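Beneath this line is the structure, given in structure tokens, with notes to follow.
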Amino acid sequence: MSKTLVVIIGPTGIGKTSTSIKVANYFDTEIISADSRQIFKELKIGTATPSEEELNAAKHHNIASHSIHDYYSAWEFEQDALKLCSELFTNHDVVVLTGGSMMYIDAVCKGIDELPTIDQELRENLKEQYDREGIETIQRQLKQLDPEFYDQVDLKNHKRVIHAVEICLMTGKAYSLLRTNTVKKRPFNIIKIGLELPREEIYERINKRVDIMLEQGLIEEVKEFYPNKNLNSLNTVGYKELFAAFDGEYDLDRGIELVKRNSRRYAKKQLTWFKRDKEIQWFSPFDTDKIINFIELKK
RNA sequence: GGUACCAUAGCUCAGUAGGUAGAGCAAUGGACUGAAAAUCCAUGUGUCCCUGGUUCGAUCCCAGGUGGUACCA
């Protein structure tokens with residue numbers, strides 16, 4: 001019997017959680033979450049982590065599994081998810097992978113290149129240099145270390161430029177040499193299900209969901225983590241806008257408006273990314289039966 | 001019913017001594033290989049309420065209409 005990973009993706013707020021639970025229950029299996037923020041156990045409301053009830057309706061993995069102080073990345077996720085897959089496939093023919101973190105999804109489905117994890121001190125040094133001197137000197141460094149990547153990279157995107165320099169310095173090799181651009185073969189089939197609705201409806205759902213978060217106590221949750229606002233895990237929609245409001249950059253109403261706007265923009269960005277992937281079969285989140293039929297047919 | 005003011009982008013509004021228009025907010029398109037809910041790039045979307053008049057030319061001036069707001073009855 002062949003093994004199948006059912007990947008359920010879509011923009012934030014579209015209903016991935018409830019669809020995955022239905023699919024997982026139908027195939028009597030478990031869910032691996034691919035969400036770069038729901039992994040943090042401290043964060044609940046602002047990340048729209050599935051409720052207790054939802055978590056009990058199907059077994060979830062990789063939710064609330066880490067602390068906001070932990071380092072985590074797409075590489076760790078690839079390792080963790082593949083390990084979980086091989087464990088789960090011993091008892092199940094189908095495993096569900098769901099989430100909105102585009103790069104995490106691709107890390108599992110296509111794999112990412114072998115690169116060293118960046119030494120923290122090196123990262124801090126480069127960050128300091130960037131803050132002090134701006135992007136230009138780091139750009140020049142990259143031009144010398146890896147002229148090929150220098151010509152390809154978006155030079156204004158400091159994160160990419162810095163990362164490339166980091167890799168060059170860590171490995172002593174040009175970053176572009178380590179980029180293989182190959183898709184890794186997985187020991188299971190992959191079926192990709194995309195959830196979509198008209199843009200307007202997605203936005204309405206998002207706005208409403210933020211209002212619900214506020215009722216659930218979002219402001220209090222964000223206040224609680226204000227001392228950690230510089231952690232990467234807290235540099236995220238729903239938190240960063242309210243931190244800025246607490247800092248007096250604008251009033252609370254504007255902060256809430258920005259949470260909604262940035263959530264909408266995030267959804268748009270996710271759609272841009274996912275639309276490029278021609279393997280995805282798109283469905284309405286209300287068509288669970290069609291989705292299950294499609295999986296039955298293809299698996 | 002009368003008088004005054006207003007009508008321009010999805011919203012709030014600016015503007016044009018008459019030469020088909022621009023800000024803020026919102027929005028749209030895109031990039032993406034270990035921080036990715038991150039980071040970065042690009043884009044003005046318009047029956048200037050309607051119908052006539054004056055004019056080479058009207059979103060702008062004039063008349064009437066429609067809608068809104070305020071005040072007076």
Side-chain angles (χ1 to χ4, degrees), chain A residues 10-13 16 33-40 43 45-49 66 68-81 99-120 122-124 126-127 130 135 139 149 152-164 166-167 170-171 175-184 199-200 202-203 206-207 209-210 213 222 230-243 250 253-254 257-277:
Chain A
T12 186
K16 293 187 290 295
S33 166
D35 190 301
S36 72
R37 291 300 181 268
Q38 291 179 2
I39 60 167
F40 298 119
L43 310 180
I45 299 170
T47 52
T49 293
H66 293 74
I68 53 172
H69 301 281
D70 293 340
Y71 175 81
Y72 201 75
S73 73
W75 169 253
E76 278 75 23
F77 184 72
E78 182 184 351
Q79 310 307 304
D80 291 348
S101 299
M102 297 88 83
M103 203 160 70
Y104 283 23
I105 296 286
D106 281 357
V108 173
C109 296
K110 302 175 181 170
I112 50 181
D113 290 325
E114 300 263 341
L115 296 171
T117 297
I118 305 302
D119 184 69
Q120 215 171 352
L122 175 63
R123 171 153 292 179
E124 277 165 23
L126 281 167
K127 177 72 173 46
Y130 169 69
I135 191 71
Q139 287 171 347
F149 190 68
Q152 297 167 10
V153 74
D154 172 3
L155 287 167
K156 288 184 179 164
N157 190 329
H158 69 271
K159 286 208 177 191
R160 300 243 173 82
V161 174
I162 290 174
H163 184 240
E166 286 169 343
I167 297 291
M170 291 272 312
T171 61
Y175 175 46
S176 50
L177 290 176
L178 302 170
R179 286 157 57 90
T180 61
N181 220 351
T182 52
V183 176
K184 288 183 196 163
R199 190 68 65 91
E200 222 171 89
I202 296 176
Y203 286 1
I206 287 173
N207 293 340
R209 192 170 75 167
V210 173
M213 286 178 184
V222 177
N230 291 324
L231 292 177
N232 180 63
S233 48
L234 272 306
N235 179 200
T236 191
V237 176
Y239 298 83
K240 59 179 178 182
E241 299 85 358
L242 297 179
F243 290 149
Y250 36 71
D253 283 349
R254 177 63 181 159
E257 223 178 277
L258 287 176
V259 170
K260 291 179 179 174
R261 184 197 68 183
N262 290 345
S263 299
R264 295 193 295 265
R265 287 184 177 175
Y266 175 48
K268 193 163 83 74
K269 197 170 70 169
Q270 288 172 306
L271 286 169
T272 299
W273 179 293
F274 291 137
K275 287 289 172 179
R276 213 167 40 160
D277 188 342

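In what follows, chains are A, B, ... by sequence order, proteins preceding strands, each numbered from 1. FYI, side chains are in, hydrogens and waters are out, and symmetry mates aren't considered; it's all heavy atoms of this structure. In this text, all values refer to a predicted model and were calculated from it rather than measured experimentally.
Across the protein-nucleic acid pair, R199(A) atom CZ and U45(B) atom C1' stand 15 Å apart, rounded to whole Å. Across the protein-nucleic acid pair, F274(A) atom CZ and A36(B) atom P stand 14 Å apart, rounded to whole Å. In this structure, the CZ atom of F243(A) is 17 Å from the P atom of A37(B), given to the nearest Å. In this structure, I162(A) places its CD1 atom 10 Å from C1' of U39(B), rounding to the nearest Å. Between F149(A) atom CZ and A31(B) atom P there is a gap of 16 Å when expressed in whole angstrom units. Whole-Å rounding puts the L122(A) CG to G34(B) P distance at 15 Å. One can place CE of M103(A) at 11 Å from C1' of U39(B), the figure rounded to the nearest angstrom. The NE2-P distance, from H163(A) to A38(B), rounds to 18 Å in whole Å.
The residue Y104(A) sits close only to the backbone: its heavy atoms come under 4.0 Å of sugar-phosphate atoms, none of a base. Here D113(A) lies in heavy-atom contact (under 4.0 Å) with a base. Base engagement by E114(A) is indicated by at least one non-hydrogen atom pair under 4.0 Å involving a base atom. Across all strands shown, R123(A) has heavy atoms under 4.0 Å from base atoms, whether or not it also approaches the sugar-phosphate. Here Y203(A) lies in heavy-atom contact (under 4.0 Å) with sugar-phosphate atoms only. T117(A) comes within 4.0 angstrom of a nucleotide base, judged by non-hydrogen atoms across all strands. Within 4.0 Å (heavy atoms only), G238(A) reaches no atom of the nucleic acid at all. Contacts of R160(A) with the nucleic acid, taken as non-hydrogen atoms under 4.0 Å apart, include base atoms. Using a 4.0 Å heavy-atom criterion, one finds that N181(A) contacts the bases of the nucleic acid, with or without backbone contacts as well. Y71(A) comes within 4.0 angstrom of sugar-phosphate atoms only, judged by non-hydrogen atoms across all strands, and of no base. Among the atoms of the strands shown, base atoms are found under 4.0 Å from some heavy atom of T47(A).
A donor N or O paired with an acceptor N or O is found under 3.5 Å between the base of A38(B) and the side-chain atoms of K269(A). At a cut-off of 3.5 angstrom, counting only N and O atoms as typed in the model, there is a donor on one side and an acceptor on the other between the side-chain of D35(A) and the base of A37(B). A donor and an acceptor atom never sit less than 3.5 Å apart when one is taken from the side chain of T272(A) and the other from the base of G30(B).
The partner of C40(B) is G30(B), by the rule that a Watson-Crick or G-U pair needs both atom distances under 3.5 Å. Base-pair partner of U12(B): A23(B) (Watson-Crick or G-U wobble, both distances under 3.5 Å). Using Watson-Crick or G-U wobble geometry with both donor-acceptor distances under 3.5 Å, U55(B) finds no partner in any strand shown. The partner of A4(B), taking Watson-Crick or G-U wobble pairs whose two distances both stay under 3.5 Å, is U69(B).
Under 4.0 angstrom from either OP1 or OP2 of A38(B) there lies at least one side-chain N or O belonging to K240(A). Close to U39(B), at under 4.0 Å from its OP1 or OP2, lies no side-chain N or O of Y266(A). Listed pair Y72(A) / G34(B) fails the phosphate criterion, with no side-chain N or O lying under 4.0 Å from OP1 or OP2. Proximity of K159(A) to the phosphate of A36(B): no side-chain N or O atom is located under 4.0 Å from OP1 or OP2. An OP1 or OP2 oxygen of A38(B) is reached within less than 4.0 angstrom by no side-chain nitrogen or oxygen of R265(A).
For the 3.5 Å distance criterion, the side chains of Y130(A) and H158(A) qualify, holding a donor opposite an acceptor. Checked by atom type, the side-chain pair T12(A)/R209(A) shows a donor-acceptor distance below 3.5 Å.
Between T171(A) and the choices L177(A), L178(A), L115(A), the side-chain contact (heavy atoms from CB on, under 4.5 Å) rule is met once, by L178(A).
The pair R254(A)-E257(A) meets the salt-bridge criterion, with a side-chain N (NZ, NE, NH1 or NH2) lying under 4.0 Å from an Asp/Glu carboxylate O. The pair E78(A)-K184(A) meets the salt-bridge criterion, since a charged nitrogen lies less than 4.0 angstrom from a carboxylate oxygen.
Classification of the H163(A)-Y175(A) ring pair by plane angle, with boundaries at 30° and 60°, yields perpendicular.
Of the listed nucleotides (A26(B), U33(B), A37(B)), U33(B) has the atom at the smallest distance from the side chain of R179(A).
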